[in-house]
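Below, read A as the first sequence line, B as the second, and so on, with proteins coming before strands; counting in each chain starts at 1. Here the structure is a predicted model, which means the values were calculated and not measured.
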Amino acid sequence: MDLFATSAISLFTDPEGGIRYWPDFLPQEQADAWFERLRVGCEWQSERRLMYERLVDVPRLLATYRTDALPESLPLADLLAQVRATVPAPFNAVGLNFYRDGADSVAMHNDKLHTIVPGQPIALVSLGNARRMNLRAKDRSRGFAIELAPGSLLVMSHASQLSHLHGIAKTTRAVGPRISAVFRVRPEPWAPDD
DNA sequence: GAAGGTCAAGCGCA
DNA sequence: CTGCGCTTGACCTT
């Protein structure tokens, strides 16, 4: 029995479940402990991108694992079990994003369609500092935002990736580090360095 | 293989 | 303050 993953808030509806949010998915103590273990233990990768003749850092750190090869030093198997208790999908991938401070961000985007399987959801667990996620329908019919609290779960349908964009804007507010763990069902075969 | 989309920082605008 | 839309260009997707 899980006393925490009780009530989902529906942010958007479609035939595949739309976009749902569980603010209290994990107990706070567990969210805090897992955040620290992931921050210290993940093999964080930085990337660079060219823009206007300058090489700039991608404003976040990244890590990717197959769910069938999770490092035992990380709490990802436990986290996956928690996620699957609420979202019963055959997740085979977890991507982690480390937003170190308010200068880290990700532009509005939808998940790469070749990295997800039609009909299967995407499950995003937030740890560490809260950050605001902006969401917008691609047809611009509506936009909304959700404060992604530590220990929360956001589930987005495959269909919602066709209809909506999401992103994390930079902020001048003093915000501490945040980690998101995003579970996906990727078409096989795939490798973590894809 | 051509065409179109992505997405990084910074600026102007509302 | 915030979000948004525009810019270039290498790389990715269709």
Problem - Option passing side chain to side chain contact (heavy atoms under 4.5 Å, CB included) with A:Ile179 (candidates A:Arg39, A:Glu36, A:Arg100, A:Arg60) - result: A:Arg39

Give each protein N/O atom lying under 3.5 Å from an N/O atom of nucleotides 11-14 of chain C, with the pair distance.
from: C:dT13; atom 1: OP1; to: A:His114; atom 2: ND1; distance (Å): 3.0
from: C:dT13; atom 1: OP1; to: A:His114; atom 2: NE2; distance (Å): 2.8

Exercise for the section: Measure the shortest side-chain to side-chain distance between A:Ile9 and A:Arg20 over non-hydrogen atoms and say whether it is less than 4.5 angstrom. Expected result: no

Problem - Presence of A:Thr171 side-chain N/O under 4.0 Å of C:dC1 phosphate oxygens OP1/OP2 - result: no

Fill in the blank from the handout: side-chain contact (heavy atoms from CB on, under 4.5 Å) filter on A:Ala159, not counting sequence neighbours, yields A:Asp14, A:Glu16, A:Ser157

Handout entry: Contact list for DNA chain C against residues 48-56 of chain A - heavy-atom distance below 4.0 Å
Key = A:Leu50, A:Tyr52

Completion exercise
Atom CZ of A:Arg136 and atom P of C:dT2 are separated, to the nearest Å, by 18 Å

Problem - A:Phe35: ring-ring contact (aromatic ring centres under 6.0 Å, His included) partners, not counting sequence neighbours - result: none

Practice task
Taking the side chain as every heavy atom from C-beta outward, state whether A:Leu80 and A:Arg84 have any atom pair closer than 4.5 Å.
Solution key: yes

Practice task
Using only heavy-atom distances, determine whether the side chains of A:Ser180 and A:Asn97 contain a donor-acceptor pair under 3.5 Å.
Solution key: yes

Practice task
Specify the separation, in whole Å, of atom CZ of A:Arg173 and atom C1' of C:dG3.
Solution key: 14 Å

Completion exercise
Whichever of A:Asn110 and A:Lys170 has the more 5' nearest nucleotide on DNA chain B, that residue is A:Asn110

Exercise for the section: Verify the distance criterion only: is there a donor paired with an acceptor across the side chains of A:Ser126 and A:Arg178 at less than 3.5 Å? Expected result: yes

Handout entry: Separation of atom CG in A:Leu165 from atom C1' in C:dG5, rounded to whole Å
Key = 13 Å

Problem - Residue pairs involving residues 140-163 of chain A (criterion salt bridge (charged side-chain N to carboxylate O under 4.0 Å, His left out); sequence neighbours excluded) - result: A:Arg132-A:Glu147

Fill in the blank from the handout: Per-helix bend value, the helix from B:dA2-C:dT14 to B:dA14-C:dT2, C1' rotation axes over five pairs per end, 10° rounding, shows 50°

Exercise for the section: Flag the pair A:Leu148 / A:Arg131 as yes when at least one side-chain heavy-atom distance between them is below 4.5 Å, and no otherwise. Expected result: no

Practice task
Calculate the interatomic distance between A:Leu162 atom CG and B:dG5 atom P; express it in whole Å.
Solution key: 16 Å

Exercise for the section: Please determine, by modelled atom types, if A:Gln28 and A:Asp32 share a side-chain donor-acceptor pair under 3.5 angstrom. Expected result: yes

Exercise for the section: Take atom CD of A:Glu53 as the centre, draw a 6.0 Å sphere, and report whether it contains more than 12 heavy atoms from other residues, nucleotides or ligands. Expected result: no

